Asks: 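Structure incoming, see below.
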2 protein chains.
Amino acid sequence: MNDTRRRRVPRPVREQQIIDAAIRVFAKRGYHAASVDEIAELAGISKPMIYLYLDSKEGLFIACLRREAARLVAAFQDAAGHAPSPELRLRAGLLAFFTFVTEHRDSWVVLHRQASELSPAIAAELTQARRAVMAEVAGLVRVGIVESGGPAQAGEQDADFVTYALVGAADSLTDWMAKHPDEPPERITLRLMNMVWVGMRNVLGGEVWAPAEDG
Amino acid sequence: MNDTRRRRVPRPVREQQIIDAAIRVFAKRGYHAASVDEIAELAGISKPMIYLYLDSKEGLFIACLRREAARLVAAFQDAAGHAPSPELRLRAGLLAFFTFVTEHRDSWVVLHRQASELSPAIAAELTQARRAVMAEVAGLVRVGIVESGGPAQAGEQDADFVTYALVGAADSLTDWMAKHPDEPPERITLRLMNMVWVGMRNVLGGEVWAPAEDG
DNA sequence: CAGTAAACTTACTGACCAGTAAGGTTAAGG
DNA sequence: CCTTAACCTTACTGGTCAGTAAGTTTACTG
């Protein structure tokens, strides 16, 4: 039992431990219902340390957001960066996303829109993180549209629309994953690509869904 | 000025006024940050009335949830109930949804997943409402799959998947709407149908998106 | 083995807020 | 007009919790 119960840990390490604990508590209770005391206890530390290192409850939450958002965006970019075509990049990015959510469920819960009841500073942080992801996706979609023969300039608004739909779908499929724990991220990714990419190509290619007026 | 500042309003009317005010405050602040005092003030009434009529803060929130969820589900069902084909029913339902969100933005914000930090009773209520909508959509999707020539039994899990993706997309497009206030619900509905329904048909019809290995 | 700075603690306070006790006021029916 | 019940209020309490003051302990450094 050398340093398993190590007291007196250097600041950078403690900060990460505090953030680890905070993510678990914020995920479980939500921002307002979470108490700093509970986070301190889970981190195995006393409350003033949190205020010394992270300033305030809001500062602590922002630190959680920043760290996990950076991790998620990095996972997406690393995965998407190396594939040769936009389709494959999107596939790789989505796979990285679903894998991240599987492996860091609490982080995802914290990132996943608690925005409504938060202070402007926090809301801005969340918006920032979401925008980064959306921009990434939108870029791929836009290129995909152009390469699929879509109009280069009309793609602007259309790409944005598709991106919102796609991100929202991925978002929601997160819940579907929880109901089907044995379904691997790969299969989910493939299914979603099937739905969205094929549909998108058809839409941009002019194959329009018509109301098919009854008669 | 007959009864514009009517005092002494009968209970059922007051209850609705209280719920109206509560929805606005809950939407603005979120459940925990909202104070009953503020709701009471906005409703033009004193706090004990809320406790007399709605029992508790939680009871008040549940009342909001129930009323607005019922309205949303009703709008969806009324719209979807009369069209002849599943495609048209889904189209009508989505249109009703986007219209509802446009016209009752606060209600939508309240319904729109604050579930994480809520008591079990409230979370159950929200889950209930969401399940009702999902079941409605899933039914349409399932019929649509079968009518599009998909496998009758394999449709079970697939329909669920498509439903999650579709609901999530609609959900997220809600934010897109906020960025494009001049875009009418009709166009949004059409675009989404284009993306999802066409894509879904292709998936079920065996037209699979292939990774298209590079070379 | 000092001296010192970083790491850490106990024990508080002040504000906010859900919920309530105790009673005041007006409409509606006799 | 008088009763009664529905409607409504002022003024409080008790608990929770973010944030802090003041001091203690351990590890590193010369």
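Just so it is clear: chains get the letters A, B, ... in the order the sequence lines come, proteins before strands, and each one is counted from 1. Quantities reported herein were computed from a predicted structural model and do not represent experimental measurements.
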Asks: Counting just side-chain N and O atoms, does Tyr53(B) come under 4.0 Å of either OP1 or OP2 of dC7(D)?
Replies: yes
Asks: In plain terms, say whether Arg71(B) and Glu103(B) are close enough for a salt bridge, that is, a side-chain N and a carboxylate O under 4.0 Å apart.
Replies: no
Asks: Using whole Å, what does the distance between atom P of nucleotide dT20(D) and atom CG of Asp55(A) come to?
Replies: 9 Å
Asks: Check each of Asp106(B), Leu42(B), Asp37(B) against Val25(B) using the side chain to side chain contact (heavy atoms under 4.5 Å, CB included) test, and report the only one that passes.
Replies: Leu42(B)
Asks: Please report, rounded to the nearest Å, how far the P atom of dC17(C) is from the CZ atom of Arg29(B).
Replies: 10 Å
Asks: Under 4.0 Å between any heavy atoms, over every strand shown, what does Ile45(A) touch: base, sugar-phosphate, or nothing? Just pick one.
Replies: sugar-phosphate
Asks: Could you state the CG-P distance from Leu60(A) to dG19(D), rounded to the nearest angstrom?
Replies: 10 Å
Asks: Collect all protein-nucleotide pairs involving nucleotides 12-17 of chain D in which both atoms are nitrogen or oxygen and the distance is under 3.5 Å.
Replies:
none

Asks: More than 12 non-hydrogen atoms from neighbouring residues, nucleotides or ligands closer than 6.0 Å to CD on Gln128(A), yes or no?
Replies: no
Asks: In plain terms, say whether Asp20(B) and Arg67(B) are close enough for a salt bridge, that is, a side-chain N and a carboxylate O under 4.0 Å apart.
Replies: yes
Asks: What does the B/S/- profile of nucleotides 24-30 of chain C look like, 5' to 3', with a 4.0 Å heavy-atom cutoff to protein?
Replies: BBB----
Asks: Regarding Arg14(A) and Gln17(A), do their side chains bring together a donor and an acceptor under 3.5 Å, going by distance alone?
Replies: yes
Asks: Starting from P on dG19(D), measure out to CD1 on Ile50(A) and report it in whole angstrom.
Replies: 11 Å
Asks: Starting the side chain at C-beta, find the nucleotide from dT20(D), dC8(C), dC8(D) nearest to Arg14(B).
Replies: dC8(D)
Asks: Determine whether a donor-acceptor pair (N or O, by modelled atom type, separation under 3.5 Å) exists between the side chain of Ser172(A) and the backbone of Tyr164(B).
Replies: yes
Asks: Given atom CE of Met49(A) and atom P of dA6(C), what is their separation to the nearest angstrom?
Replies: 12 Å
Asks: Of the non-hydrogen atoms in Ala27(A) and Val110(A), which two are nearest, and what is the gap between them?
Replies: N-CG2, 3.7 Å
Asks: Roughly, in whole Å, what's the span from CD1 in Ile39(A) to P in dG19(D)?
Replies: 11 Å
Asks: Give a yes or no on this: more than 12 heavy atoms of other residues, nucleotides or ligands lie within 6.0 Å of atom CZ of Arg89(A).
Replies: yes
Asks: Can you tell me if Arg105(B) has over 12 outside heavy atoms packed within less than 6.0 Å of its CZ?
Replies: yes
Asks: Tyr51(B) OH to dA21(C) C1': how many Å, rounded?
Replies: 15 Å
Asks: Rounded to whole Å, how long is the line connecting atom CG of Leu52(A) with atom P of dA21(D)?
Replies: 13 Å
